[in-house]
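These notes are about the structure you will find just below.
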Amino acid sequence: MTPAELQHLAARFARGPVMPCGSERHVYLWRGTPGALIALLPPGRHMRLDLHELAGALPAKPIEPEGARRAIARAIERALRAADVGPAAQQFVVVTGCELLMRYSVSLGTLYQAACDSRMVILVVPSYAAPAHPLPRYVEFRPDATYAYLKPSLEDMAIIQ
């Protein structure tokens, strides 16, 4: 899907329920900046779910990856429940900090469950530039790692290129 196609879909979605593009739920993957995405959405209809803020606000910081995975998944679920505007209003959820989903292997299940006829979830994966300084040999720079992790979970029509 192109950004123009997403903008057209978002305009239709803002007026009422529409069929999802390519999957059973309105979950999409945006590759770019959150600002560019938000500019395409109808004004005043989006909420931003920053996973870094969510993880930073956890009351306890689990050390084990499994504990972190569960804690992040529960925090996402609570945030989405708290932000639910109900079926009367159409809402766009812009999810940033998606590298935490990859880092802790957090399932997209909660996000898929939250997506419905009145809520569209858009995962934002920024494009990363090469580091300004050379990295040590033991550090591997993989700018497309988050995108490669999330892409198989979505159909091609749900990916905005």
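For Arg103, the CZ atom sits in a loose shell: 12 or fewer heavy atoms of surrounding residues, nucleotides or ligands are nearer than 6.0 Å. Heavy atoms from other residues, nucleotides or ligands lying under 6.0 Å from CG of Leu135 number more than 12. Heavy-atom contacts from other residues, nucleotides or ligands closer than 6.0 Å to CD of Glu66 number more than 12.
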Show, in sequence, the C-alpha distance, side-chain angles and deciding distance for Val106 and Leu100, and conclude whether the side chain to side chain contact (heavy atoms under 4.5 Å, CB included) test is met.
CA-CA 8 Å; Val106 177; Leu100 288 182; over 6 Å; no

Yes or no on side chain to side chain contact (heavy atoms under 4.5 Å, CB included) for Val93 and Leu111, after CA distance, side-chain angles and deciding distance?
CA-CA 10 Å; Val93 178; Leu111 295 167; 5.8 Å; no

What's the verdict on side chain to side chain contact (heavy atoms under 4.5 Å, CB included) for Leu41 and Phe13, showing C-alpha distance, side-chain angles and the deciding distance?
CA-CA 10 Å; Leu41 301 177; Phe13 185 83; over 6 Å; no

Could you walk me through whether Tyr28 and Leu9 pass the side chain to side chain contact (heavy atoms under 4.5 Å, CB included) check?
CA-CA 11 Å; Tyr28 301 92; Leu9 174 65; 3.4 Å; yes

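Shown here for Pro62 and Ala71, the closest heavy-atom pair between the two residues is CG-CB, 3.9 Å. Taking all atoms of both residues into account, the shortest heavy-atom contact from Val121 to Ala115 is CG2-CB, 4.1 Å. The heavy-atom pair separating Thr33 from Val124 by the smallest distance is C-CG1, 4.3 Å. Across Cys98 and Leu150, no two heavy atoms sit closer than the pair CB-CD1, 3.9 Å. Smallest separation of non-hydrogen atoms from Ala75 and Leu58: CB-CD2, 3.8 Å. Of all heavy-atom pairs between Ala73 and Thr110, the closest is O-OG1, 4.3 Å.
Annotation: the span from Thr146 atom OG1 to Arg31 atom CZ amounts to 10.0 Å, rounded to 0.5 Å. Here the straight-line distance linking atom OG1 of Thr96 with atom CG of Leu37 works out to 10.5 Å at 0.5 Å rounding. From His46, atom NE2 reaches atom CD of Gln90 across 16.0 Å, with rounding to the nearest 0.5 Å. Atom-to-atom distance recorded for Leu80:CG and Gln91:CD is 8.0 Å, nearest 0.5 angstrom. Here the CD atom belonging to Glu77 is positioned 14.0 Å from the CD1 atom belonging to Ile72, to the nearest 0.5 angstrom. Atom CD1 of Ile38 and atom CZ of Arg48 lie 5.5 Å apart (nearest 0.5 Å).
Between the Glu53 side chain and the Asp50 main chain, no donor and acceptor come within less than 3.5 Å of each other. Distance alone, capped at 3.5 Å, places no donor-acceptor pair between the His26 side chain and the Ser118 backbone.
Thr2 is not listed as a side-chain neighbour of Ile160, based on a closest heavy-atom distance of 4.5 Å or more. For the pair Ile159/Lys151, a side-chain contact is recorded, criterion being any heavy-atom separation below 4.5 Å from C-beta on. Counting heavy atoms from C-beta on, the side chains of Asp144 and Tyr149 never come closer than 4.5 Å. Side chains of Ile122 and Val27 form no contact here, defined as non-hydrogen atoms less than 4.5 Å apart. In this structure, Trp30 and Leu40 have side chains that are in contact, with non-hydrogen atoms separated by less than 4.5 Å.
At least one cation-pi condition fails for Arg119 and Phe92: the charged atom is not both under 6.0 angstrom from the six-membered ring centre and inside a 45 degree cone around its axis.
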